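Written below as structure tokens is the structure these notes are about.
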Amino acid sequence: MFRQAVLALAALTWAASAPAAIVVTVNAAGSTSANLSGYTFGVANLDNLSNGPTSFNFVGSPITGATMDGYINIGSANVYGGAGGSGQFASLYGDPATIQLSQSVNYFGLWGSALDGNNSVALYNDNTLLGTYALQSVLQASPGFNSGYYGNPSGGGNAGELYAFFNFASDSAFNRVQLIQNGGGGFEFDNLTVGTSVVSTAPEPATWAMLLMGFGLVGGFLRQRRDRTQASALAA
């Protein structure tokens with residue numbers, strides 16, 4: 001019976017847990033950087049990097065990133081990329097690029113420029129995939145989507161393609177970001193951003209209720225077992 005109680009508690013605890021939930025939002029048209037509240041951000045603006053960078057410094061945080069695979073092209077700002085119309089931006093052609101972070105975070109953001117349907121972002125915690133997101137589809141499905149997202153907001157041009165800053169906020173930590181270009185064209189991006197927030201470690205009320213119920217079951221089975229033991233001793 002005690003084993004059954006422990007199994008019941010384990011089942012209740014498992015039921016109280018849930019898969020990682022990632023909320024993807026899009027900044028207002030023209031925005032090129034993170035502006036969510038409640039996070040401490042670090043930004044890699046890709047300036048002063050050479051082609052095929054193997055590491056990234058996220059300024060504003062101690063976090064760094066290491067390129068695990070894929071080749072990232074770095075170029076000077078033009079109509080296709082470069083936040084603010086200056087500095088440098090990155091692009092992918094062909095193989096995905098995976099960036100391993102030096103520590104876990106619960107936020108990632110980037111400015112995607114000259115977007116097409118082949119540009120995607122995948123988030124991992126080690127080798128566990130938390131989700132993959134096609135940026136153009138996310139943008140077009142967002143509540144505030146409008147014609148203002150078409151064309152480069154810095155100087156205009158390329159009016160047939162989309163430009164937007166994307167936020168990925170997770171309730172579970174992750175430490176690996178994969179940037180994916182599926183098929184032809186390129187994946188242009190800038191202002192890679194990581195962030196951490198204060199996440200409560202205390203169980204939510206529903207979780208506490210389930211845990212207390214489970215402990216009650218264990219206690220009840222223990223009392224029944226003790227009473228039976230005492231009754232057997234008196235009868236002997």
Side-chain angles (χ1 to χ4, degrees), residues 20 22-34 44-46 49 51-54 56 65-83 85 87-101 107-124 127-170 174 176-194:
I22 299 174
V23 177
V24 186
T25 56
V26 183
N27 284 7
S31 173
T32 61
S33 60
N45 64 13
L46 311 181
L49 291 180
N51 257 342
T54 58
F56 300 88
T67 305
M68 295 177 60
D69 52 46
Y71 188 88
I72 299 175
N73 299 275
I74 301 295
S76 298
N78 57 34
V79 70
Y80 300 108
Q88 297 183 153
F89 72 103
S91 57
L92 291 179
Y93 299 94
D95 294 337
T98 304
I99 300 173
Q100 178 70 46
L101 303 177
Y107 171 92
F108 175 71
L110 85 168
W111 187 58
S113 54
L115 292 170
D116 59 50
N118 298 315
N119 307 153
S120 298
V121 170
L123 302 180
Y124 288 82
N127 293 320
T128 301
L129 175 63
L130 303 186
T132 303
Y133 307 89
L135 298 186
Q136 181 172 274
S137 296
V138 168
L139 173 56
Q140 292 176 329
S142 65
F145 177 66
N146 58 62
S147 60
Y149 289 97
Y150 282 96
N152 192 323
S154 302
N158 199 30
E161 293 189 299
L162 296 163
Y163 296 69
F165 191 92
F166 297 84
N167 307 284
F168 302 84
S170 174
F174 57 89
R176 191 175 295 173
V177 176
Q178 188 173 58
L179 307 171
I180 305 167
Q181 170 61 26
N182 292 310
F187 181 0
E188 294 85 10
F189 54 89
D190 201 354
N191 283 354
L192 299 180
T193 307
V194 295

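Quick note: residue numbers are just sequence positions, from 1. Predicted, not measured: the structure shown is a model, and the values here were computed from it.
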Measure the shortest side-chain to side-chain distance between [X] and [Y] over non-hydrogen atoms and say whether it is less than 4.5 angstrom.
{"X": "Leu179", "Y": "Leu110", "result": "yes"}
{"X": "Leu49", "Y": "Phe56", "result": "yes"}
{"X": "Thr193", "Y": "Ser33", "result": "no"}
{"X": "Thr32", "Y": "Asp190", "result": "no"}
{"X": "Asp116", "Y": "Gln181", "result": "yes"}
{"X": "Phe187", "Y": "Asn118", "result": "no"}
{"X": "Val121", "Y": "Phe166", "result": "no"}
{"X": "Leu46", "Y": "Ile72", "result": "no"}

Nearest 0.5 Å, what's the [atom1]-[atom2] distance between [X] and [Y]?
{"X": "Asn167", "Y": "Phe108", "atom1": "CG", "atom2": "CZ", "value": "10.5 Å"}
{"X": "Leu135", "Y": "Phe165", "atom1": "CG", "atom2": "CZ", "value": "11.0 Å"}
{"X": "Trp111", "Y": "Phe189", "atom1": "CH2", "atom2": "CZ", "value": "12.5 Å"}
{"X": "Tyr163", "Y": "Asn152", "atom1": "OH", "atom2": "CG", "value": "4.5 Å"}
{"X": "Ser154", "Y": "Asn78", "atom1": "OG", "atom2": "CG", "value": "11.5 Å"}
{"X": "Leu123", "Y": "Thr132", "atom1": "CG", "atom2": "OG1", "value": "8.0 Å"}

Considering all heavy atoms of both residues, which atom of [X] and which atom of [Y] are nearest to each other, and what is their separation?
{"X": "Ile22", "Y": "Gly131", "result": "CD1-N, 4.5 Å"}
{"X": "Gly186", "Y": "Asn119", "result": "O-ND2, 3.2 Å"}
{"X": "Pro153", "Y": "Gly30", "result": "CB-CA, 3.8 Å"}
{"X": "Gln136", "Y": "Leu162", "result": "CG-CD1, 3.8 Å"}
{"X": "Asn27", "Y": "Ser31", "result": "ND2-OG, 2.9 Å"}
{"X": "Ala122", "Y": "Leu129", "result": "CB-CD1, 4.0 Å"}

Fill in: Sidechain-backbone polar pair: Ser113 side chain, Tyr80 backbone, donor-acceptor under 3.5 Å
yes
Worksheet item: With distance as the sole test, does Asn51 use its side chain to make a donor-acceptor pair with the main-chain N or O of Ile74 at under 3.5 Å?
Response: yes
Discussion item. Go through it in stages, so that I can follow the logic: the residues are Leu130 and Tyr124, the test is side chain to side chain contact (heavy atoms under 4.5 Å, CB included), and I'd like the CA-CA distance, side-chain angles, deciding distance and then a yes or no.
Written reply: CA-CA 5 Å; Leu130 303 186; Tyr124 288 82; 6.0 Å; no
Practice prompt. Just grab all the side chain to side chain donor-acceptor pair (under 3.5 Å) pairs involving residues 87-99, residues at least two apart or on different chains.
Written response: Asp69-Thr98, Thr98-Gln178
Discussion item. If you apply the rule side chain to side chain contact (heavy atoms under 4.5 Å, CB included), what do you find for Leu192 with Ile99, and how did you get there?
Written reply: CA-CA 11 Å; Leu192 299 180; Ile99 300 173; 3.9 Å; yes
